[in-house]
Amino acid sequence: MSQSRQLRGAPARRALPKVKRLVVKVGSGLISAPGQGLLPDRIGALADELAALAKDGREVVVVSSGAIASGMARLGLTQRPRSIPEKQAAAAVGQSALMWHYEQAFARHGIRVAQVLVTQEDISARPRYLNARNTLQVLLRFRVVPVVNENDTVAVEEIKVGDNDNLAALVAALIDADLLVILTDVDGLYTGDPRVDPEARRLETVDAVTEEIERLVWDADGQVSVGGMSTKLEAARKVTSSGIPMVIASGRVPGTLRRVLRGEPLGTYFVPRGDRLAGRKRWIAFAVPPQGRLTVDAGARSALVERGKSLLPSGVVEVEGEFHAGEVVSLSAADGKEFARGLTNYDAAELRKIQGAKTKDIEERLGYKSFDEVIHRDNLVLL
Ligand code: GLU
């Protein structure tokens, strides 16, 4: 796809004025400064804008970073801690300060906030996912502004979402938001690093997060920021394939949010793909890290992609990883590129025995047959 097609004008944004429920991600770099910790004026200015949206009848969920940055300043640490317990301690100190500032800032508008801390597990485990969703929905009904962050104090690296761009994407999918806005210190995705490259142009519209788009990423992470452009593109891929649009815009220019919601061509707009995925399929697609990988042959791939069929054992050529029945696995074809995810009916050991087999031979190979399909169509999501 040529870049000119990705640089379309405002029509792509027609739906923005109708957005009712939105998730706004606020990066550490916006609300804190190295050595100083949180910047109350910045939090105040953001809260003013968010409060105006809430007063217009919009439902706003904030995903805010800044716990570690704030904790570092309060503990007198000049370098971002390296050890996990130190990061967790900094986050614990900083999170309460972060919430205190949001409380104060929203209270000026008569709006209450709620602290919501989640980990990857809360999103991967379906009952916890549903609980989190119910709670957020009730908070919105009470006209409260939930302020979400990762529960850094308990989430060690292996089980973390890891960055708040991806967390915000998961939250947007979780509550079925109409829009995700990522506020950051640049005003969108550029064709180069605007700080050093005078030729760099801002992309106004991205139709799809292609490899060409991914090559534009010029990550230069600051000391306090975790997520650079690459995590923002991961977030864009997640939400747009759930059918939710995303905008990356400047959190430094006053009035940006209001203007974005009017449909003005600020920042970079990522066009949602197709229809909204139903809640369960969205969970299969993005909420759970896949536990294994199946390589399928070309015939199976086209049956799944073009003819809407289920995956049968005969199409499976390779099984990687150890997983149980009922877990999410990733599907790729011979080129190694993932094209779908689904809930497997068989565990890894069973699949190794029946891969390549005809459905009628499953019983002979396993001694039983629980299902004809490896992944039923209803439990399969094309990416
Ligand atoms: N959860 C981390 C914090 O609040 C930030 C993660 C991120 O910025 O992506 O400090």
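Order of listing sets the numbers, starting from 1, for every ligand and every atom in it. Counting begins at 1 with the first residue of the sequence. All values below were derived from every heavy atom in this structure, side-chain atoms included, with hydrogens, water molecules and symmetry-related copies excluded.
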> For Tyr129 and Ser124, test the side chains for any donor-to-acceptor distance below 3.5 angstrom and give the result as yes or no.
no

> With respect to Asp165, determine whether any N or O atom, backbone or side chain, lies less than 3.5 Å from an N or O atom of ligand 1.
no

> Test your reading of the structure: does Ile68 have an N or O sitting under 3.5 Å from an N or O of ligand 1?
yes

> With a cut-off of 4.0 Å, which atoms of ligand 1 are near a heavy atom of Ala67?
3 (C), 4 (O), 10 (O)

> Strictly by modelled atom types, are Asp187 and Ser250 linked by a side-chain donor-acceptor pair under 3.5 Å?
no

> Should the proximity of Asn164 to ligand 1, defined as any heavy atom under 4.0 Å, be assigned to the side chain, the backbone, both, or neither?
both

> Does the N or O separation between Asp163 and ligand 1 drop below 3.5 Å for any pair?
no

> Number the atoms of ligand 1 from 1 as they appear, then name those within less than 4.0 Å of a heavy atom of Gly66, with their elements.
3 (C), 4 (O), 10 (O)

> Determine whether the side chains of Asp152 and Gln88 contain a donor N or O and an acceptor N or O closer than 3.5 Å.
no

> Examine Arg112 relative to Phe106 and say whether NZ or CZ is less than 6.0 Å from the centre of the six-membered ring and inside a 45° cone about the ring axis.
no

> Taking non-hydrogen atoms only, is Asp152 closer than 4.0 angstrom to ligand 1 via side chain, backbone, both or neither?
side chain

> Looking only at heavy atoms, which two atoms of Ala236 and Val209 are closest? And how far apart?
CB-CG2, 4.0 Å

> If the contact criterion is a heavy-atom separation under 4.0 Å, does Gly27 count as touching ligand 1?
no

> Hydrogens and angles aside, do His376 and Asn345 bring a side-chain donor and acceptor to less than 3.5 Å of each other?
no

